[in-house]
Amino acid sequence: MSSFRADLHCHSTCSDGTLTPEQLVTLAVARGLSGLSITDHDCVDAYQLALPLAQEKNLLLLTGAEFSSNHQGHSVHILAYAFPCKNTAIQELCNRHSKRREERNQGILDLLRNKGMPIDPQTITALGSVGRPHIAQAMIESKYVKTIEEAFYKFLGDGKCCYVPGNPVSTEETIEIIHSAGGLAVIAHPHLIKNSAVVASLLELPFDGIECYYARFGPSDNSVWIDIAEKKRWIITGGSDFHGTVKPDISLGSSWVNAHTFNILYQKQTYVS
Ligand code: AMP
Ligand code: ZN
Ligand code: FE
Ligand code: FE
């Protein structure tokens with residue numbers, strides 16, 4: 001049996017992970033992975049940093065990103081794979097999200113200040129895509145909350161009192177942009193979408209795959225999504241959603257795909273780049 005394993009979902013310091021892209025590559029090799037995709041939120045900056053080291057260490061690096069999108073008022077994460085990082089449409093989408101995040105984060109800080117929890121905007125720094133976990137961390141440091149979960153549960157989670165959605169990009173447009181770049185669009189962690197009508201409607205969109213293996217899925221979750229993917233002839237992907245120390249219960253490589261699945265995606269990347 002082949003020992004090939006590739007983790008197709010993890011985050012670096014270019015978004016809300018705690019390891020740099022280079023540290024992720026080093027950890028992936030130490031964990032015995034043969035392939036990796038770094039899927040930062042709305043950002044592809046990791047590749048410029050990670051690619052030289054991955055090549056040196058013979059780790060196959062598949063381009064990836066996790067794009068935030070909005071479908072019928074619901075937040076939907078889309079994994080994009082196998083696109084050329086320097087593609088103009090992808091770069092423009094990342095820039096659009098960067099602007100959305102800047103405005104949204106300012107809105108969240110304003111609401112927190114109104115509630116007596118001021119945060120210096122300069123404390124929220126990241127290499128690329130600044131997200132709510134960075135704000136949650138700043139709230140812990142200011143002793144407004146004890147944990148990231150508490151910050152999300154009380155203030156920052158979708159629909160909570162200090163949540164600001166910002167100007168979203170629709171799921172349909174996101175898929176179109178990924179396809180225009182020659183990439184593949186995959187529904188991320190579908191079990192987190194609790195509204196069944198939203199799921200049904202998403203399954204009518206022109207996705208290429210579903211993330212069926214995920215660190216927090218059990219075997220029964222997996223089979224539900226595998227059945228759907230097989231019926232639709234979509235690619236069955238998997239990854240851990242590793243974030244480093246902010247989500248200490250998830251380790252890199254705890255969910256993965258085999259060589260067959262990895263090659264379907266990786267061959268597409270070679271073809272378009
Ligand atoms: P953002 O991309 O800025 O909208 O923030 C969303 C990210 O925050 C998610 O992708 C997770 O990494 C993280 N997140 C969401 N909900 C929670 C939670 N309840 N506890 C910890 N982290 C969370
Ligand atoms: Zn995240
Ligand atoms: Fe996600
Ligand atoms: Fe993720």
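If you're wondering where the values come from, they're calculated on a predicted model, not measured in any experiment. Just so you know, ligand 1 is whichever comes first in the structure, and atom 1 is the first atom listed for that ligand.
- At a threshold of 2.8 Å, the Fe ion (ligand 3) has no backbone or side-chain N, O or S atom of His41 nearer than that distance.
- Defined by atom type and a distance below 3.5 Å, a donor-acceptor pair is present between the side-chain atoms of Ser240 and Asp7.
- When distances from the Fe ion (ligand 3) to the N, O or S atoms of Glu66 are compared, OE2 comes out shortest.
- In summary, the atoms of ligand 1 found under 4.0 Å from a heavy atom of Gly131, numbered by their order in the structure, are 3 (O).
- Taking the six-membered ring where tryptophan is involved, the planes of Phe262 and Phe4 are tilted, since the angle between them lies from 30° to 60°.
- Taking each heavy atom of Cys10 and Ser37 in turn, the nearest pair found is SG-O, 3.5 Å.
- For the Fe ion (ligand 3), the nearest N, O or S atom contributed by His77 is named ND1.
- Protein heavy atom at the shortest distance from atom 21 (C) of ligand 1 is Ile148 CG2, 3.5 Å.
- For the pair Ile177/Phe67, no side-chain contact is recorded, criterion being any heavy-atom separation below 4.5 Å from C-beta on.
- When only non-hydrogen protein atoms are considered, atom 2 (O) of ligand 1 lies nearest to Arg101 NH2, 2.9 Å.
- The residues Lys99 and Glu103 are annotated as salt-bridged, a charged nitrogen and a carboxylate oxygen being separated by less than 4.0 angstrom.
- Nearest protein heavy-atom contact of atom 6 (C) of ligand 1 is Arg132 NH2, 3.8 Å.
- Ligand 1 lies within reach of Lys247, whose nearest heavy atom is under 4.0 Å from it.
- Protein N/O/S atoms closer than 2.8 Å to the Zn ion (ligand 2): Asp16 OD1, Asp16 OD2, His41 NE2, His243 NE2.
- Residues Ile78 and Phe207 meet the side-chain proximity criterion, which asks for heavy atoms closer than 4.5 Å.
- Side-chain contact check for Asp110 and Gln106: at least one donor-acceptor pair (N or O, by modelled atom type) lies under 3.5 Å.
- Taking a cutoff of 4.0 Å between a charged side-chain nitrogen and a carboxylate oxygen, Arg216 and Asp241 do not qualify as a salt bridge.
- The contact set between ligand 1 and His243, taken as ligand atoms under 4.0 Å from a residue heavy atom, comprises 12 (O).
- Seen from the ring of Tyr153, Lys160 counts as a face-on cation partner, given the 6.0 Å and 45° thresholds.
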Review point. Could you go step by step and tell me if Leu19 and Thr26 meet the side-chain contact (heavy atoms from CB on, under 4.5 Å) rule?
Key: CA-CA 10 Å; Leu19 297 189; Thr26 304; over 6 Å; no
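- For Gly157, the closest heavy-atom approach to ligand 1 does not fall below 4.0 Å.
- Close approach of ligand 1 to His77 is summarised as follows: ligand atoms under 4.0 Å from at least one heavy atom of the residue are 10 (O).
- Using a 4.0 Å cutoff on heavy atoms, Arg104 counts as a contact of ligand 1.
- Between Asp158 and Arg132 there is a salt bridge, since a side-chain N of the basic residue sits under 4.0 Å from a carboxylate O of the acidic one.
- In terms of protein heavy-atom proximity, atom 10 (O) of ligand 1 is closest to His41 CE1, 2.9 Å.
- Closest of all the heavy-atom pairs between Thr18 and Thr245 is OG1-N, 2.9 Å.
- For the pair Ile135/Leu112, a side-chain contact is recorded, criterion being any heavy-atom separation below 4.5 Å from C-beta on.
- Distance from atom 15 (C) of ligand 1 to its nearest protein heavy atom, with residue and atom name: Phe152 CE2, 3.4 Å.
- Ligand 1 is never approached by His134 to a heavy-atom distance shorter than 4.0 Å.
- Contacts between Asp16 and ligand 1 below 4.0 angstrom, taking non-hydrogen atoms only, involve the side chain exclusively.
- Side-chain contact annotation: Asp16 with His243, donor-acceptor N/O pair under 3.5 Å present.
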